[in-house]
Amino acid sequence: MNKKHLLVFIFLGMNLISFGQNPKIYTLADTLRGSITAERQWWDVLRYDITVKPDYDSKTIQGSNSITYKVTKEKNNTKMQIDLQSPLVIDSVIQSGKKLSFKKEGSVWYIETPKSKAAAIHKIDIFYQGKVHEAINAPWDGGWIWTKDAQGNPWMTVACQGLGASVWYPCKDHQSDEPNKGASLTMIVPNTLTAVANGRLEFKKDNNDGTTAYKWAVVNPISNYCIIPYIGRYVNFKENYKGEKGNLDLNYWVLDYNLEKAKSYMPTEVHNMLKAFEYWMGPYPFYEDGYQLIETSHTGMEHQSAVSYGNHYKPGYRGNDGSGTGWGMKWDFIIIHESGHEWFGNNITTNDLADMWVHEGFTNYSETLFVDYIFGEQAGNEYNAGTRKGIRNDKPIIPVYNVNAQGSGDMYPKAGNMIHAIRHGIDNDELFRKVIRGLGKDFYHQTVTSRQVEDYVSKHLNFNYGKIFDQYLRTIQIPNFEFYFNADKTKVFYRYTNCVKGFNLPLTLKNNISKIKIIPSDNWQNTVLTKDQQPLFDAESITKMYYINPVLKTDIK
């Protein structure tokens, strides 16, 4: 083990000890996948142009990826790291008409590229083929999905978040480097099927051999795992939506036998989604590429401008309400949640998988914003509190960096409740909305770190939320809010315990009669109360608004 890798393991071990978790042993493969290695650092992806020809019967694919890249600095290292997972294999690599040599180490392929000056732009063509990794329980395990529709026709797609796009095409499989100038996907499929992908259809070509080629493309930057083929007996209907930035093309791709059902169901849900989300989070981020909702065999995924949908045209999440409040059965969870990722996850993307709470926490909270917009503030509060039933506090939301590690699934409901607590604390929805919209505007089409988002929220809300983010994202403790009154209840004493030092979540407590705002810390403080303010310190009411444990102390002398 060289010094570089020894330091990586020491760093990981220290982080795991600090989290108080059983240590997980990360491998060199994890580091190669999750970090910006020397073989990744010197080049920047500008564009992917992918071609794939799947064979349904043999579960194999043939394809190529033409990668346009820019040399970011004078390079001493001529090796380029390309990721492609087994059992797929690279056949050949060509740049400027010349074949390049390459070798495989696990899921990493090192290509010997010619020397080049900084700022030079090149195109490298990678040809590959083989048996592709199959998803058994999509979208959670990931891979290529080979299935049949209800009428026995072939139906194919991919889901690969976390597992990585390199499970089906060669790429620089790291979230921090999106193709700046977009991407295209050409699919060669039997004439009996239709192929759909992200963005807009550039051409459809009959190959006169029983197959048809469909080329789709986006002009905006896009995450590797969001570039997805959808192949089946699809039919299309479309409409124009007048949104905040003008006309937005809406396209719906569904299995032919579900057309009438889809026409009567999907548009209403999508219109409500766009109204609510453009109000709270700003304009839909990909007007140039349009919005598509595409029926799929798995539950659903947030594939940019091509949201996959498998919720059976019913409200809730496959017939269930995750909040347990009833509000979740009044709208289609998959359409709302997966579309919410267009703002958080696709528009704003994290550099490292460890910061995925930015994707999932804000998108989880977009559900609350949707319920609030459509059904009212009380409904939103009830729904948000109800989602806490999914919090496990099994491990921190943010794990270690640079090893492609994902933290706890609490990145969904716990992070969503953290955001709601911040909103309640400031008690200023105009300011809160300005900050949420500002995130989308100021980090438009960018990759970010958690710290950038945290610092942005603190700066624009004029309060240091650093310890609050640390508490909910980096520990598994639920803060206690301890309080007690003096004899005549004209004064209340309060503090936080079971928390990081300096935890200072502001609390605004209110009802129809009165309101009070306090900023507790981990030291005892006190505030004078009016008679109308005394009922505000009610444990049940506080719990409904904030993810904390209120504790009325009765043993204080």
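Just so you know, these numbers come straight off a predicted model, no measurement behind them.
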Distance flag, aromatic centroids of F344 and W357, threshold under 6.0 Å: no

Side chains of T350 and Q175, donor plus acceptor under 3.5 Å: yes

Geometric class of the F537/F483 ring pair [parallel <30°, tilted 30-60°, perpendicular >60°]: tilted

Y456-D442 side chain donor-acceptor pair, cut-off 3.5 Å: yes

Verdict with reasoning, W524 to Y484, per ring-ring contact (aromatic ring centres under 6.0 Å, His included): CA-CA 10 Å; W524 283 110; Y484 68 95; 5.2 Å; yes

Pair N351, T449: side-chain N/O donor-acceptor within cut-off below 3.5 Å: no

Heavy-atom donor-acceptor pair, S366 side chain to T363 backbone, under 3.5 Å: yes

H337 and Y317: side chain donor to acceptor below 3.5 Å: no

Aromatic centroids of Y547 and H420 separated by under 6.0 Å: no

Derivation and outcome, ring-ring contact (aromatic ring centres under 6.0 Å, His included), residues Y373 and Y279: CA-CA 9 Å; Y373 184 89; Y279 171 81; 5.5 Å; yes

side-chain contact (heavy atoms from CB on, under 4.5 Å) against L259, all qualifying residues, sequence neighbours excluded: V235, F237, V254, K263

Under-4.0 Å salt bridge between R200 and D249: yes

Geometric class of the Y265/Y309 ring pair [parallel <30°, tilted 30-60°, perpendicular >60°]: tilted

Aromatic ring proximity F286/Y291, centre distance under 6.0 Å: no

